[in-house]
Structure formats: structure tokens, C-alpha cells
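One structure is given here, and the rest of the page talks about it.
Reckoned from all heavy atoms, side chains included, excluding hydrogens, waters and symmetry mates. Naming convention: chains lettered A, B, ... in sequence-line order (proteins, then strands); numbering from 1 in each chain.
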Number of protein chains: 2
Amino acid sequence: MNTKTLCLSILHFGEKSGYDIKKLCSDGYFKHFVEISLASIYPTLAKLEKEGLVTSRVEYQVGKPSRKIYALNEKGSENLNLQLQEPPSPDKHISEFLLLMKCCHLLAPERISKLIDERLAYYEKEISLIDECYDEFPEGELPAGSKFVLGYGHVVYKAVHDYVSSNRSMLETATGH
Amino acid sequence: MNTKTLCLSILHFGEKSGYDIKKLCSDGYFKHFVEISLASIYPTLAKLEKEGLVTSRVEYQVGKPSRKIYALNEKGSENLNLQLQEPPSPDKHISEFLLLMKCCHLLAPERISKLIDERLAYYEKEISLIDECYDEFPEGELPAGSKFVLGYGHVVYKAVHDYVSSNRSMLETATGH
DNA sequence: GTTCACATGTAACAGGTTACATGATTGG
DNA sequence: CCAATCATGTAACCTGTTACATGTGAAC
């Protein structure tokens with residue numbers, strides 16, 4: 001995933017600071033399908049401004065550091081539309097947890113149980129975070145795309161939670177060492 | 001995910017060439033939770049051999065290029081066990097498809113429909129690939145970890161397939177431009 | 001007191017990818 | 001004939017991360 005396109009598509013939902021973008025990707029609406037760090041956001045936003053795709057203004061705050069707020073302009077909007085015409089590259093999913101489970105015969109049974117407990121807790125947390133996102137919008141006002149994506153995340157976490165809790169014995173009783 | 005640990009854990013399931021490892025990660029049993037390219041596998045295997053964690057032998061073939069087959073030795077096995085004691089880092093999931101769906105109001109309805117059709121076909125393909133993996137092993141002989149991980153992938157693809165096919169209208173009828 | 005959240009930015013480094021280089025055989 | 005599969009490996013490049021630098025206010 002191209003960092004520039006990601007920033008443009010997030011800005012398209014409204015003007016934001018680099019810090020805002022990071023929060024959205026780490027905790028908010030974009031959380032479960034993107035990855036980005038602050039150290040790549042700031043230079044990217046600066047580049048986008050230099051290229052004339054976004055504009056920035058500084059918002060002074062009392063007691064807090066100033067925020068540099070970026071907004072998409074027409075050229076940026078056009079550029080985004082162009083980028084979105086390209087076919088999406090395949091999903092990337094990397095899970096050390098699954099690698100560990102695949103190697104369960106090398107793990108102590110107590111460790112497996114602990115890892116699974118933590119995993120289930122993690123799924124539950126993600127589900128409640130998604131539910132919180134729904135609650136932020138009044139009935140029917142959540143955009144279709146956002147609703148679809150939140151629902152997608154929800155069914156994934158629900159399905160794997162069910163699967164892991166019903167099939168954990170498969171791993172916990174494996175004749176390991 | 002550490003490339004060295006990944007190679008060691010795959011080799012732990014049996015001796016393999018770099019090419020074999022790539023195939024396993026791209027099409028086989030490790031497919032849906034790891035990412036690795038040949039250009040990082042070969043140098044990693046060479047490094048592992050230099051460090052004395054694996055041994056290699058060359059297998060000559062008629063009509064095909066020779067294969068360099070690597071096997072885990074005791075030191076490598078110990079090293080792997082040590083690595084597996086570390087807590088797994090959080091899953092990484094990146095999906096340009098979901099970003100596109102989130103931005104559905106910027107896409108033509110026909111494009112959305114086409115993207116969804118392709119997506120559903122992709123899920124179906126993944127499910128049948130997983131089923132093929134099951135079939136490779138005779139009844140009951142698939143190791144617990146592998147079975148668990150395959151089942152995990154299966155429920156994910158099944159859940160998202162169901163979700164996308166039942167909720168596609170949410171995006172296709174979105175008042176875009 | 002100390003850690004966390006807010007807030008932006010740079011520099012050094014690590015990691016992995018794309019493209020290149022090579023070459024035989026098989027299938028369409 | 002051309003593309004694909006098998007098979008290994010290197011070099012140049014790019015991108016993104018960790019760590020650093022700086023500073024306030026709130027909460028514990």
C-alpha cells in the first residue's frame with residue numbers, strides 16, 4: 001500500500017493532522033486494514049504539499065503543541081481518483097500467532113493455553129472497539145463504505161473468536177514436549 | 001516477522017530448498033499468514049548455514065537445475081525453540097480492497113460490482129486451495145497445528161464470503177458519482 | 001515524581017523488493 | 001515459438017522503522 005494514496009484517501013474524509021491520521025490508522029476507522037507509522041506520515045504529507053495535492057494551515061492551541069492541519073485540494077482529489085482506478089494489490093496478512101500455533105508441538109501446553117487466552121481477549125477487545133465506532137455515528141449516518149468495512153472486521157473477529165474457542169483443545173491436547 | 005525464524009520453523013517440518021520454502025509460503029500450508037520473497041530466502045539460508053544452524057546438500061536432477069536442500073540441525077532446533085518463546089508480535093493485515101470499499105462513494109457502481117465479484121471468486125479459490133491441503137493428508141494424519149491453522153483460514157474466508165455476498169448491496173446502491 | 005497523551009519532525013539504519021543474470025525443459 | 005516452471009543467486013534500490021530531539025499539561 002502506497003503511503004501517499006493512503007494519506008490522500010484519509011484526507012478525503014476531512015482535513016486532518018499527521019497525528020490524527022496515525023490515530024485513525026492505529027485505533028480508528030482504518031485500523032484493521034492499514035499500517036503506517038508517524039515517521040512515514042510526516043514526510044509524506046510534506047511531499048504531498050510540495051506537489052500541490054494538499055494545503056496546510058496551522059491551528060494554535062493553548063497548553064498543547066500547535067497542529068498542522070492538511071486538507072485535500074482539487075488536484076489532490078483528482079490524483080486520488082486516478083489512484084483508486086488501479087486494481088487493488090492482494091491482501092497481506094502476517095500472523096506470528098498462527099505460525100506459533102502451526103508449531104504447537106514445540107510449545108509447552110501451558111504456554112499454548114496462555115497464548116490462546118490472550119488471543120481471545122484481543123478479539124473481544126477489537127470487537128468492542130468496532131462497536132464503539134458504530135456508536136459514534138447516529139443511526140443511519142455512518143457512510144456506506146465505513147459501515148461495510150466495520151461490519152467486515154466484525155464478522156472476521158467474531159468468526160475467529162468462535163473458531164479458536166471451539167477448537168483450542170486441538171492444540172492444547174497435542175502430544176508436544 | 002523475522003525471516004530467519006520463519007525459515008527455521010519451516011525447515012523444522014522437514015528439509016527443503018529455498019524454492020520449496022517460497023512455494024509453501026505462496027501457495028502451500030503457510031500461505032495465509034506469512035509473506036516472503038525468494039530474494040530474501042536465499043541470503044537468509046546462506047546466513048543460517050554460515051551460523052551453523054542448518055546444513056545443506058545438493059540434489060542433482062536430470063533435465064532440471066540442481067536443488068540445494070537445507071536441513072535443520074540440533075543447534076538450529078535449539079535456536080528455533082528459543083525464538084518461539086518470544087511473545088508473538090501483533091498481526092498485520094493490509095487490504096487495499098477494504099480501503100477501496102471504504103472509499104466506495106468515489107467509485108463507479110459497475111467498478112464496485114466487478115471488484116466484489118473478483119473478491120468473491122478469490123475467496124472461493126482460497127477455500128478450495130485449503131480443502132486441497134486437507135486432502136493431501138490421509139484421514140487423521142495432518143498434524144494438529146497444521147489442521148488448526150488450515151481450519152482458521154477456512155472459517156475466515158467462509159465468513160467474509162458470506163458477509164460480502166450478503167452485504168454488497170450496501171456499496172452498490174451507495175449514492176456515489 | 002513519573003508516565004502518558006498531545007504534537008511535529010529528522011537521521012540513521014534495517015529490511016525487504018524489483019530487476020537482473022543464467023539456463024534447461026515442458027506444454028500450449 | 002513463446003510462456004511458464006524449475007532453480008539459484010546478486011545488486012541496486014526503496015521504503016519504512018527505530019531512535020532521537022523537543023516541549024507542555026494532565027493524571028496517577
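Atom-to-atom, CD of Glu49(A) to C1' of dG9(C) comes out at 14 Å; the value is rounded to the nearest Å. Leu38(B) has its CG atom 14 Å from the P atom of dG16(C), to the nearest Å. Leu6(B) places its CG atom 14 Å from the P atom of dG15(C), with the value rounded to the nearest Å. The nearest whole Å value for the distance from the CD1 atom in Ile94(A) to the P atom in dG16(D) is 14 Å. Between the NZ atom of Lys22(A) and the P atom of dT17(D) there is a distance of 8 Å, rounded to whole Å. Here dA27(D) presents its P atom at 11 Å from NZ of Lys64(A), a figure rounded to the nearest Å. Rounded to a whole Å, the NZ atom of Lys68(B) is 8 Å from the C1' atom of dT8(D). Note: CG (Leu24(B)) to C1' (dA7(D)) measures 16 Å, nearest angstrom.
In terms of position along DNA chain C, the nucleotide closest to Pro65(A) lies nearer the 5' end than the nucleotide closest to the other residue of the pair Pro65(A) and Ala39(A). Taking for each of Arg67(B) and Gly63(A) the nucleotide of DNA chain D with the nearest heavy atom, the 5'-most of the two is the partner of Arg67(B).
Linking Ile, Leu, Val, Met, Phe, Trp and Tyr residues whenever their side-chain heavy atoms come within less than 4.5 Å places Val156(B) and Ile116(A) in a single cluster. Transitive grouping of hydrophobic side chains (ILVMFWY, heavy atoms separated by less than 4.5 Å) keeps Val160(B) and Leu129(B) in distinct clusters.
Heavy atoms of Glu35(B) sit nowhere under 4.0 angstrom from any nucleic acid atom.
In this structure, the side chain of Thr44(B) engages the main chain of Ser40(B) through a donor-acceptor pair within 3.5 Å. In this structure, Asn167(B) contributes its side chain and Met170(B) its backbone to no donor-acceptor pair below 3.5 Å. Side-chain atoms of Tyr134(B) come within 3.5 Å of backbone atoms of Gly151(B) as a donor-acceptor pair (strictly under, hydrogens ignored).
For the pair Lys31(B) and Leu24(B), the minimum side-chain heavy-atom distance is 4.5 Å or more.
At least one side-chain nitrogen or oxygen of Ser17(A) sits closer than 4.0 Å to the OP1 or OP2 atom of dT8(C). The shortest distance between the side-chain N/O atoms of Ser40(A) and the OP1/OP2 oxygens of dT15(D) is not below 4.0 Å. Look at Ser66(B) and you won't find any side-chain N or O under 4.0 angstrom from OP1 or OP2 of dT8(D). Phosphate contact (OP1/OP2 of dG16(C), side-chain N/O of Thr3(B), threshold under 4.0 Å): present. OP1 and OP2 of dC6(C) both lie 4.0 Å or more from every side-chain N or O belonging to Gln61(A).
Glu136(A) CD: more than 12 foreign heavy atoms inside a 6.0 Å radius.
Bending across the helix from dG1(C)-dC28(D) to dG28(C)-dC1(D), expressed as the angle between its end axes from five pairs apiece, amounts to 50° (10° rounding).
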